[in-house]
4 protein chains.
Amino acid sequence: MHSSRAKEAGGAPRGRPRDASRDDALRKATLEVMAEVGYRALTMDAVAARAKAGKATIYRRWESKLELVIDTCNELVSRSVPEPDTGSVAGDLREFLLGYADFLTGPSGKAAQALVGELPHEPELATAFRDSFLTGQRGMLRRILERGAERGEINRHAPLGMVNELAGATLTYRLMLTGEPIDEAFVDKLLEQALLPLLN
Amino acid sequence: MHSSRAKEAGGAPRGRPRDASRDDALRKATLEVMAEVGYRALTMDAVAARAKAGKATIYRRWESKLELVIDTCNELVSRSVPEPDTGSVAGDLREFLLGYADFLTGPSGKAAQALVGELPHEPELATAFRDSFLTGQRGMLRRILERGAERGEINRHAPLGMVNELAGATLTYRLMLTGEPIDEAFVDKLLEQALLPLLN
Amino acid sequence: MHSSRAKEAGGAPRGRPRDASRDDALRKATLEVMAEVGYRALTMDAVAARAKAGKATIYRRWESKLELVIDTCNELVSRSVPEPDTGSVAGDLREFLLGYADFLTGPSGKAAQALVGELPHEPELATAFRDSFLTGQRGMLRRILERGAERGEINRHAPLGMVNELAGATLTYRLMLTGEPIDEAFVDKLLEQALLPLLN
Amino acid sequence: MHSSRAKEAGGAPRGRPRDASRDDALRKATLEVMAEVGYRALTMDAVAARAKAGKATIYRRWESKLELVIDTCNELVSRSVPEPDTGSVAGDLREFLLGYADFLTGPSGKAAQALVGELPHEPELATAFRDSFLTGQRGMLRRILERGAERGEINRHAPLGMVNELAGATLTYRLMLTGEPIDEAFVDKLLEQALLPLLN
DNA sequence: CGATAATCGAGACGGTACGTCGAGTCTTTAG
DNA sequence: CTAAAGACTCGACGTACCGTCTCGATTATCG
């Protein structure tokens, strides 16, 4: 998504090279503005002003507000949610759910939420969004469940894919749509009443 | 949400009365524009032009673009999803999930999706949104489950609330976030692998 | 006007010396762009691109767009208008007026015209402009009239300074302001009805 | 030059009519900004800000900075220079020259001067400019000379058209190009050495 | 020779203004 | 008082230039 100069093609990159530190400053500013006013009210002018950058410097790197925001989030999602490994499926799921809830509650999560409304009309965004926010989530869950299966904690006929989807769906549903928090009480109830029963 | 004149004060409403047909024309225009270009790109001017109305006529009725869209959707959600009653929980759930999927795939659904991103920054919108889209959904699900419980189809210790939430979460997660369809095959798998087991 | 390195201080100029050929290329490009789009629409980027030069190469030589244009014109005015010497005041004036009209109609003349608007707000420009375009003009006219006086063609009480000014004024007035051409017919009329009578 | 709604065609002008007071406010702001920073440095934003108007309100009335400035000047030129009538050609010419010099020295004159550079590249501007600044000037001069002829002050073979042109040319040449003032001393010299001799 | 220094083209940089567009409000005529 | 029409202020859009800067690469002088 983030545009890159074609410099792999061998030829020397002529002219002054892009200042990589501006990328970071701009992403930082984007995240700050987004956290303060949301996606809709985020303006390129505000981002540029906060990063002490010209607008052209933004448009040189990202084609639109959407791309800027997506890229800003992508940069964060991977490093923000630690992969849990407590030794048990229940523990891992518990930690994952709480950890991801934290992430979604923070600025990146709000940014992600703002993008949801654009998905139907922007196929490229949809792809990028799913790659960043959903694939990572599902991957962690899958690995958690697979480790549990290897340890024999899980019924070999358990519908792992379905449990994976239910867990992810519940996370985003609560945090993005209903606005109800994902706290320890709810996580325990979710495990007790739904996920663990389906795994046994 | 829909603003009303202060006519409770007794006096007869002097002057030309509001043309009620304009409400419908405007909502219709709103829905059409929304379906064509999405929420972001919907402009008040476009709605006014399509309804052959002045912008003031819109603002006399709704305070903002957001309210206009919410109200337009509200009007539709209630009449759009028929409450199923097949005689069995499995059948009802099946029909409900497919019916709601249809609704969310249509213009109103896309409108609803567009609003998700605004929820964190607009508390009033959040309330209205949840009242319209989530409460209706949960209500139908609750009634389906209750009827099943009355008919003795459901284990008396089954976590009905949790099943309700899982069903709703899966619906919106698929349709709004992952973009995967909710077709008969998936509904059957969802029932088979998750919902029905949890009810027994 | 044209900036020069401080090399009078004795020591040899270290580093790579300036490429004198770039001066000409840049002036040439400036004149071309100016002739095509005028002064207002002339951009430094366009000049640099046309001369296949970097912008810094321009700014190393001239401090601003204005200086660049002035210098470009200065270079031309002196070599562009040949000093007439037909043997008679009438003949010299005739040739001078037609010759200067040609010059002012060409690219340099248009450039000069473009600078007129800047004169009130840019004192340095005003000085340079007058030195290049007006002084040269007046000098030629003065020498023409002086030669005529020496030859006894002119009444010794004739107001030479005033005739000089009238001739110059008519030239620029017609060419820059009214847009009417200075052709042979007009020159003859001007001589017949105004200049020659005042000289006798 | 100043765009006008087609309302002569009879039909009632629907919608909110243009606020005529904005025209004046904008012209006033234009003149102020122009007087302060000149034509080149005059920006639409500055004019809009000073008039507390939106930029769209400007562009609804004038297509460009140039048109705005021209129209602003036009409004002034006619009312700014009083037509002299002292009873003698010499007196009238004297007053006219001094009066027009005052006008050209003021903000409108500087604006006019700024436009000179654009004339070669903008034919419409050239026409408008000449209509406003030159035609008015020539008309006054012509009437002055005609009245003198009627009074018998002028040789019946005097080249009135040429004198007219010389007077106008000298005015603008001095004020716009050489920057020398047109004061009483110069006016008297001009009359004595050139204009009056040509009229007798 | 190598080190130093100013040049070159190229183009990114922070800014400012551009001319357009949309929001929400206001002001007209008509009913 | 409502209707359609459209002008109003405000502010963001994405682009274009400004004049400065930073690259790699070139070309001169100096030690």
Side-chain angles (χ1 to χ4, degrees), chain A residues 5 12-22 41-46 48-49 51-61 63-65, chain B residues 5 12-19 21-22 40-46 48-49 51-66, chain C residues 5 11-19 21-22 41-46 48-49 51-61 63-65, chain D residues 5 11-22 41-49 51-61 63-65:
Chain A
R5 282 152 297 162
R14 311 241 289 169
R16 177 177 176 174
R18 296 236 177 111
D19 182 348
S21 76
R22 306 316 291 138
L42 174 146
T43 69
M44 300 304 248
D45 290 88
K52 281 201 175 298
K55 276 195 290 182
T57 302
I58 303 181
Y59 284 105
R60 224 172 269 128
R61 294 166 156 80
E63 288 204 336
S64 67
K65 176 172 152 180
Chain B
R5 285 156 295 164
R14 308 230 300 158
R16 176 175 174 175
R18 270 198 205 159
D19 182 349
S21 76
R22 306 316 291 139
R40 292 275 315 290
L42 174 145
T43 70
M44 299 303 253
D45 292 85
K52 286 204 172 296
K55 276 198 291 179
T57 303
I58 303 181
Y59 282 103
R60 225 171 271 126
R61 291 166 158 82
W62 299 278
E63 289 203 336
S64 69
K65 174 173 155 179
L66 220 45
Chain C
R5 283 154 297 163
R14 309 236 301 161
R16 175 178 177 175
R18 285 213 190 137
D19 182 347
S21 76
R22 306 315 291 135
L42 175 146
T43 69
M44 299 304 252
D45 292 84
K52 283 203 174 296
K55 277 196 291 180
T57 302
I58 302 181
Y59 283 103
R60 225 172 268 124
R61 292 165 158 82
E63 288 204 335
S64 67
K65 174 173 154 179
Chain D
R5 284 151 295 159
R14 311 244 290 169
R16 176 178 178 175
R18 295 231 179 116
D19 183 346
S21 75
R22 306 316 290 133
L42 174 145
T43 69
M44 298 306 246
D45 290 87
V47 173
K52 281 205 176 296
K55 276 194 289 180
T57 300
I58 303 182
Y59 284 105
R60 223 173 271 126
R61 292 165 158 80
E63 287 203 338
S64 66
K65 176 172 152 180

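Worth saying up front: this structure is predicted, and the values here are computed from it rather than measured. Below, chain A is the first sequence line, B the second, and so on; all start at residue 1.
- At the heavy-atom level, D:Thr57 lies under 4.0 Å from base atoms of the strands shown.
- Of the two residues contacting DNA chain E, namely A:Ala51 and B:Ala46, the nearest-nucleotide position lying further toward the 5' end is that of A:Ala51.
- Projected onto DNA chain F by closest heavy-atom contact, D:Lys52 and B:Ala53 fall at different nucleotides, the more 5' of which corresponds to B:Ala53.
- Listed by chain and residue number, B:Lys55 satisfy the salt bridge (charged side-chain N to carboxylate O under 4.0 Å, His left out) test with B:Asp45 (two or more places apart in sequence, or in another chain).
- A straight line from CH2 of B:Trp62 to C1' of E:dA23 spans 17 Å, rounded to a whole angstrom.
- Nucleotide E:dG14 holds its C1' atom 16 Å from the CZ atom of A:Arg18, rounded to whole Å.
- In this structure, D:Arg22 and D:Ala51 approach most closely via the heavy-atom pair NH2-O, 2.7 Å.
- As a whole-Å value, the separation of B:Leu66 CG from E:dG24 C1' is 14 Å.
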Are any protein N/O atoms closer than 3.5 Å to N/O atoms in nucleotides 19-23 of chain F? If there are, list each pair with its distance.
from: F:dG19; atom 1: OP2; to: C:Tyr59; atom 2: OH; distance (Å): 2.5
from: F:dG19; atom 1: O5'; to: C:Tyr59; atom 2: OH; distance (Å): 3.3
from: F:dG19; atom 1: N7; to: C:Lys55; atom 2: NZ; distance (Å): 3.1
from: F:dG19; atom 1: O6; to: C:Lys55; atom 2: NZ; distance (Å): 2.9
from: F:dC21; atom 1: O2; to: A:Arg16; atom 2: NH1; distance (Å): 2.8
from: F:dT22; atom 1: O4'; to: A:Arg16; atom 2: NE; distance (Å): 3.4

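- For B:Lys65, the side chain to side chain donor-acceptor pair (under 3.5 Å) criterion is met by no residue, not counting sequence neighbours.
- Contact annotation for B:Leu42: backbone-only contact, meaning every heavy-atom pair under 4.0 Å involves sugar-phosphate atoms and none involves a base.
- Looking at C:Arg18, its side chain never comes within 3.5 Å of a backbone N or O of C:Thr57 through a donor-acceptor pair.
- When every heavy atom of B:Ala48 is checked against every heavy atom of B:Gly54, the shortest pair comes out as CB-C, 4.2 Å.
- Residue whose closest nucleotide on DNA chain E sits further toward the 5' end, between C:Asp19 and D:Thr43: C:Asp19.
- Note that the OH atom of D:Tyr59 and the OG atom of D:Ser64 stand 8.0 Å from one another [nearest 0.5 Å].
- OP1 or OP2 of F:dA3 sits under 4.0 Å from a side-chain N or O of B:Arg61.
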